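Following: one structure in structure tokens, then a few remarks.
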Amino acid sequence: MSREILEKVDNENQSVTYNVIGGVLKETYQSFKFIVQAIPKDEGSLVRWTLIYEKLNVDVPDPNAMLQFGIDVTAEIDAYLTQEELEKKTIA
């Protein structure tokens, strides 16, 4: 779907920033970055996805599909980590 480079790792804010450099998103958007941040909460974390983009023109739609992608990826990671944690508790 896209090619991106890791632009910044911010350990203090527990975030990473990616800059899209090619692919479908660059065909529609002049520039496109996304930031993924983990915000500690209780025994886990909340995840915040921030999209920073510039449309090529006013007819380009907002990147709602990318927001859904972020939701899906976050849910998959959560399911994996939750399963891994359950397995550790079962072994212990």
Side-chain angles (χ1 to χ4, degrees):
M1 186 175 201
S2 69
R3 289 186 354 204
E4 56 275 327
I5 58 171
L6 178 61
E7 183 173 281
K8 179 180 178 184
V9 176
D10 184 341
N11 291 322
E12 183 178 330
N13 291 310
Q14 297 182 347
S15 69
V16 291
T17 302
Y18 292 92
N19 186 6
V20 175
I21 59 169
V24 175
L25 289 174
K26 285 298 282 185
E27 294 171 7
T28 310
Y29 300 94
Q30 180 68 32
S31 61
F32 202 104
K33 291 183 183 186
F34 56 96
I35 303 166
V36 182
Q37 180 182 20
I39 304 164
K41 181 179 180 185
D42 301 325
E43 293 182 19
S45 295
L46 297 174
V47 176
R48 174 183 293 152
W49 286 74
T50 303
L51 306 180
I52 303 169
Y53 58 92
E54 180 183 351
K55 298 177 181 182
L56 284 174
N57 61 59
V58 295
D59 297 325
V60 172
D62 291 330
N64 295 328
M66 282 303 297
L67 287 176
Q68 187 60 53
F69 172 77
I71 292 167
D72 294 344
V73 167
T74 301
E76 289 175 18
I77 292 169
D78 180 60
Y80 174 80
L81 293 175
T82 301
Q83 182 62 37
E84 189 175 86
E85 190 61 33
L86 288 173
E87 290 172 3
K88 285 181 186 177
K89 288 180 181 180
T90 303
I91 294 171

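What you see is a predicted model; the values in this text were computed from it and never measured.
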Next on the checklist: Counting C-beta onward and ignoring hydrogens, is there a side-chain heavy-atom pair between Arg48 and Ser15 closer than 4.5 Å?
Outcome noted: no
Checklist entry - Would you say Asp10 and Thr17 make side-chain contact, with heavy atoms under 4.5 Å? => result no
Checklist entry - Can you name the closest pair of heavy atoms from Ser45 and Pro40 and give their distance? => result OG-CA, 3.8 Å
Checklist entry - Going by heavy atoms in the side chains, are Ile39 and Lys41 under 4.5 Å from each other? => result no
Item to check | Joint cluster assignment, Ile35 & Leu6, ILVMFWY side-chain distance < 4.5 Å | outcome: no
Next on the checklist: Please list all pairs meeting ring pair (Phe, Tyr, Trp, His ring centres under 6.0 Å) that have one or both residues in residues 58-81, counting only residues at least two apart or in different chains.
Outcome noted: none
Item to check | Contact summary for Gln30 and Leu56, nearest pair of heavy atoms | outcome: OE1-CD2, 3.3 Å
Checklist entry - Is there a path from Val73 to Leu46 through hydrophobic residues (I, L, V, M, F, W, Y) whose side chains come within less than 4.5 Å of each other? => result no
Next on the checklist: Nearest 0.5 angstrom please: Asp72 CG to Ile77 CD1, how far?
Outcome noted: 11.0 Å
Item to check | Sub-4.5 Å side-chain heavy-atom contact between Glu4 and Leu25 | outcome: no
Checklist entry - Does Leu51 belong to the same Ile/Leu/Val/Met/Phe/Trp/Tyr cluster as Val24, with side-chain heavy atoms less than 4.5 Å apart forming each link? => result no
Next on the checklist: Are Val9 and Ile5 linked, directly or through intermediate hydrophobic residues, by side-chain heavy-atom contacts shorter than 4.5 Å (ILVMFWY only)?
Outcome noted: no
Checklist outcome for this item: Heavy atoms of Tyr29 and Pro61 approach each other most closely as OH-O, 2.7 Å
Checklist outcome for this item: To the nearest 0.5 Å, atom NZ of Lys8 lies from atom CG of Asn19 at 13.0 Å
Item to check | Gap between atom CD1 of Ile52 and atom CZ of Phe34 - 0.5 Å precision | outcome: 11.5 Å
Item to check | Residue pairs, two or more places apart or on separate chains, that pass side-chain hydrogen bond (donor to acceptor under 3.5 Å, both in side chains) and touch residues 49-58 | outcome: Trp49-Thr74, Tyr53-Asp62, Lys55-Asp62
Next on the checklist: Whether the Asn64 and Gln68 side chains hold a donor-acceptor pair (N or O, under 3.5 Å, no angle test) is what I'd like checked.
Outcome noted: no
